Amino acid sequence: QVQLVESGGGSVQAGGSLRLSCVASGRILNYYVMGWFRQAPGKEREFVTAIRFSDSSTMYADSVKGRFTISRDGAKNTVSLQMSSLKPEDTAVYYCAQSRRLGGNWSRMPNTYDYWGQGTQVTVSS
C-alpha cells in the first residue's frame, strides 16, 4: 500500500509563502502523475497542480498560475509545492495525490487519482 505524507502547512499572512512537501513510500515511476488538490470548508476538492514524472511537465489551475510551482525529486520520491503571493482564498487543506492510470495523460479530476495523503492545513490571513 502506497503512503503519501504531506508536510509544510501552516499559517501565513496574505502575500507570504509556504512550501509543501509530499513523500511517497515507494518509488515514483515515470508513468505516474503526482498532483496537489485542496479542499476548503464546505467546498468540493479542487485541482491545484500536477506534474508528470516522465518529462516533468506541469499543469496548473488558473487560480494559482504564476504563484505556485510544483517540482519533483525522483531520487527522494518527493513532490513539492512552492506557494507564493498567498491569498486568503488559498486557505484549505492541501492533499497530495498519485495517479497510476493516466498513461501520460493529464487529469484534474480527483477520481482519477489512486492514492492520497492525509492532507495538511494551509491558512492565509488577511
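Everything quoted here is computed from the prediction, not taken from an experiment.
A donor-acceptor contact shorter than 3.5 Å links the side chain of Glu6 to the backbone of Gly119. A donor-acceptor contact shorter than 3.5 Å is absent between the side chain of Ser17 and the backbone of Ser84.
The stretch residues 61-123 participates, sequence neighbours left out, in these disulfide bond (SG atoms under 2.5 Å apart) pairs: Cys22-Cys96. Applying the disulfide bond (SG atoms under 2.5 Å apart) test to residues at least two apart or on different chains, none of the pairs has a partner in residues 40-76. Listed by first and then second residue, the salt bridge (Lys or Arg N to Asp or Glu O under 4.0 Å) pairs that reach into residues 107-125 are Arg101-Asp114, sequence neighbours excluded. Under the salt bridge (Lys or Arg N to Asp or Glu O under 4.0 Å) criterion, no residue pair touches residues 11-32, with sequence neighbours excluded. Applying the salt bridge (Lys or Arg N to Asp or Glu O under 4.0 Å) test to residues at least two apart or on different chains, none of the pairs has a partner in residues 116-126. The salt bridge (Lys or Arg N to Asp or Glu O under 4.0 Å) contacts involving residues 81-93 comprise Arg38-Asp90, Arg67-Asp90, where partners must be two or more places apart or lie in separate chains. For residues 107-126, every residue pair satisfying the ring pair (Phe, Tyr, Trp, His ring centres under 6.0 Å) rule, not counting sequence neighbours, is listed here: Phe37-Tyr113, Phe37-Trp116.
Within the 4.5 Å cutoff, the side chain of Thr78 has no heavy atoms near those of the Arg72 side chain. A 4.5 Å side-chain heavy-atom check between Thr69 and Leu81 finds every atom pair outside the cut-off. Between Tyr60 and Val48, the closest side-chain pair of non-hydrogen atoms is not below 4.5 Å. In this structure the side chain of Ser71 never reaches within 4.5 angstrom of the side chain of Gln82, judged on heavy atoms. With contacts defined as side-chain heavy-atom distances shorter than 4.5 Å, the pair Leu4/Val23 does not qualify. By the 4.5 Å heavy-atom criterion applied to side chains, Leu86 and Phe68 are counted as neighbours.
The same ILVMFWY cluster, assembled from side-chain heavy atoms under 4.5 Å apart, contains both Leu102 and Phe47. Val64 and Ile70 fall within the same hydrophobic cluster, where Ile, Leu, Val, Met, Phe, Trp and Tyr residues are linked whenever their side-chain heavy atoms come under 4.5 Å apart, directly or through other members. In the hydrophobic cluster analysis, where Ile, Leu, Val, Met, Phe, Trp and Tyr join through side-chain heavy atoms closer than 4.5 angstrom, Val5 is grouped apart from Val79. Both Tyr32 and Ile51 are part of a single hydrophobic cluster, where members link through side-chain heavy atoms under 4.5 Å apart. Grouping the Ile, Leu, Val, Met, Phe, Trp and Tyr side chains by contacts below 4.5 angstrom, directly or via other members, places Phe53 with Tyr31.
When all heavy atoms of Ser80 and Ser21 are compared, the pair lying nearest together is OG-OG, 3.6 Å. Residues Ser126 and Ala14 come closest through the heavy atom pair CA-CB, 4.3 Å.
Cation-pi geometry between Arg45 and Tyr95 is met: under 6.0 angstrom from the ring centre, within 45 degrees of the axis.
Taking the side-chain contact (heavy atoms from CB on, under 4.5 Å) definition, one finds that Lys43 meets it with Ala40, sequence neighbours left out. Among residues two or more places apart in sequence or in another chain, the side-chain contact (heavy atoms from CB on, under 4.5 Å) test is passed with Val122 by Leu18, Leu20, Met83, Tyr94, Val124. The salt bridge (Lys or Arg N to Asp or Glu O under 4.0 Å) check on Arg52 picks up Asp55, with sequence neighbours excluded. Every side-chain hydrogen bond (donor to acceptor under 3.5 Å, both in side chains) that Gln121 has, sequence neighbours left out, goes to Thr123.
Distance CG/Asn77 to CD/Gln98: 9.0 Å, rounded to 0.5 Å. Atoms CE and OG1, on Met59 and Thr49 in that order, are 7.5 Å from each other to the nearest 0.5 Å.
Around the CD atom of Glu46, the shell of radius 6.0 Å holds more than 12 heavy atoms that belong to other residues, nucleotides or ligands.
Through direct or indirect side-chain contacts shorter than 4.5 Å among Ile, Leu, Val, Met, Phe, Trp and Tyr, Met109 is connected to no other residue.
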